[in-house]
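Computation of the quantities below employed the complete heavy-atom set of this structure, encompassing side-chain atoms and omitting hydrogens, waters and symmetry-equivalent molecules.
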Amino acid sequence: MANSVISWVLRLGLGVGLLSLGVLSSVRADTALVAVAANFSGMAQTIASDFKRVSGHTVTLVPGATGKLYAQIKNGAPYQVLLSADDETPSRLVLEGAAVAASQFTYATGRLVLWSPQPGVVDAQGAVLGAAGLRVAMADPKTAPYGAAAMQVMQQRGVWQGLQGRLIQGESIAQTYQFVASGNAPVGFVALSQVMRDGRLVDGSAWQVPAHLHQALRQDAVLLNPGQGQVAALAFLAYLRTEPARRVMRAVGYE
């Protein structure tokens, strides 16, 4: 039964919704081990909770910078699903034979913001980036796609060279957010989802970076080799494509 259902899901390229989820959940409750990009970890917890309620399956989340998660996967980490902060890493894993090509899809498109928890610090055009002596937090552009996007924005605005030596670099977008939220950096480039609730900025001031100033933050999901034949992993990927899951994502700024 389980194998036939899984084959059916894969033939559809995981383009299934609640119907398939219901079928899969009827097989048996199981646990999926999911590596998740730091910017999406909070959202993934909410979705995993909803998923457990409707399917009975449990999701264990391992958050981290996408580059770090990639290295762990290549070193044998038994993750069954990757929720990446980009679309390049899942494609690379597919090419390297570590993931299932037919399972890859964009589950969310993220937005970048320059944010301060203090009102009036960040203006609506991001002109604060040119302020003398400004210290700016950003994620490591080598391992975090949101960090690479932040670097592109500063290059586009012509402030990248001038800010060298005053950048505060987080290992991930989650750590970058902590730097700013704790006051260790006055402003920082973070994910919109980290500072938005129900379509509104939670606090402080922010510049929502125009999407044309950096490469699109398409975030892809993919089934990793250890997830093949794992019912909970397949069902979780299917659930990400359902309207309830997408509605939760849209509420915090993912497109």
Side-chain angles (χ1 to χ4, degrees), residues 36-46 63-69 84-86 108-219 249-255:
V36 56
N39 77 87
F40 200 74
S41 61
M43 181 56 37
Q45 290 176 4
T46 299
T66 293
K68 297 278 187 182
L69 295 174
S84 180
D86 63 6
T109 299
R111 295 298 304 269
L112 188 70
V113 294
L114 182 66
W115 174 71
S116 169
Q118 302 300 321
V121 173
V122 179
D123 57 286
Q125 286 74 43
V128 67
L129 281 173
L134 182 71
R135 296 163 64 235
V136 180
M138 61 177 289
D140 185 348
K142 296 178 181 176
T143 59
Y146 279 78
M151 181 178 69
Q152 292 164 5
V153 171
M154 287 184 274
Q155 290 172 335
Q156 288 280 339
R157 295 295 293 264
V159 299
W160 175 247
Q161 292 301 326
L163 284 169
Q164 298 302 303
R166 286 186 278 121
L167 295 171
I168 302 169
Q169 202 167 95
E171 183 178 87
S172 68
I173 197 69
Q175 188 178 48
T176 304
Y177 170 81
Q178 288 301 323
F179 285 161
V180 185
S182 64
N184 288 313
V187 301
F189 285 97
V190 301
L192 179 61
S193 59
Q194 293 174 302
V195 297
M196 174 181 278
R197 293 293 178 275
D198 298 324
R200 311 183 89 176
L201 190 66
V202 174
D203 57 17
S205 51
W207 170 48
Q208 187 167 327
V209 178
H212 70 271
L213 291 180
H214 59 80
Q215 290 186 339
L217 289 165
R218 282 190 289 271
Q219 301 191 198
M249 293 185 225
R250 287 195 297 269
V252 295
Y254 289 105
E255 298 174 350

Query raised in the report: Step by step, would you call V113 with V190 a side-chain contact (heavy atoms from CB on, under 4.5 Å)?
Result: CA-CA 6 Å; V113 294; V190 301; 3.5 Å; yes
Report task. Before accepting this row, confirm whether a basic side-chain N of the pair R111/E255 lies closer than 4.0 Å to the acidic partner's carboxylate O. Result ->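 Counted as a salt bridge, because a side-chain N and a carboxylate O are separated by less than 4.0 Å.
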Can you tell me if [X] uses its side chain to pair, donor with acceptor, with the backbone of [Y] under 3.5 Å?
{"X": "T143", "Y": "A65", "answer": "no"}
{"X": "Q178", "Y": "A174", "answer": "no"}
{"X": "D140", "Y": "A144", "answer": "no"}
{"X": "R218", "Y": "T109", "answer": "no"}

Query raised in the report: Under the side chain to side chain contact (heavy atoms under 4.5 Å, CB included) test, which residues partner Q45, sequence neighbours left out?
Result: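 So Q45 forms a side chain to side chain contact (heavy atoms under 4.5 Å, CB included) with L61.
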Query - side chain to side chain contact (heavy atoms under 4.5 Å, CB included) against A206, all qualifying residues, sequence neighbours excluded - result: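 With sequence neighbours excluded, A206 shows a side chain to side chain contact (heavy atoms under 4.5 Å, CB included) to W115, L201, given in chain and number order.
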Query raised in the report: Are more than 12 heavy atoms from other residues, nucleotides or ligands located less than 6.0 Å from atom CD of Q155?
Result: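 Check passes, neighbour count above 12.
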**Report entry** Test item: V136 and I168 side chains (from C-beta on) under 4.5 Å apart, heavy atoms
**Finding:**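 No; the side chains remain at least 4.5 Å from each other.
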Query raised in the report: When rounded to the nearest 0.5 angstrom, what distance separates CG in D86 from CG in L217?
Result: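 These two atoms lie 9.0 Å from each other.
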Query raised in the report: If you round to the nearest 0.5 Å, how far is OH of Y177 from OH of Y146?
Result: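 Here the rounded value is 15.0 Å.
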Nearest heavy atoms of [X] and [Y], plus distance in Å:
{"X": "V180", "Y": "S116", "answer": "CG1-CA, 4.3 Å"}
{"X": "T66", "Y": "S84", "answer": "CG2-OG, 3.2 Å"}
{"X": "M138", "Y": "G147", "answer": "CE-O, 3.4 Å"}

Report task. Would you mind listing every side-chain hydrogen bond (donor to acceptor under 3.5 Å, both in side chains) that reaches into residues 182-194, with sequence neighbours excluded? Result ->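 Counting only pairs at least two positions apart or across chains, the side-chain hydrogen bond (donor to acceptor under 3.5 Å, both in side chains) contacts touching residues 182-194 are S182-N184, S193-Y254.
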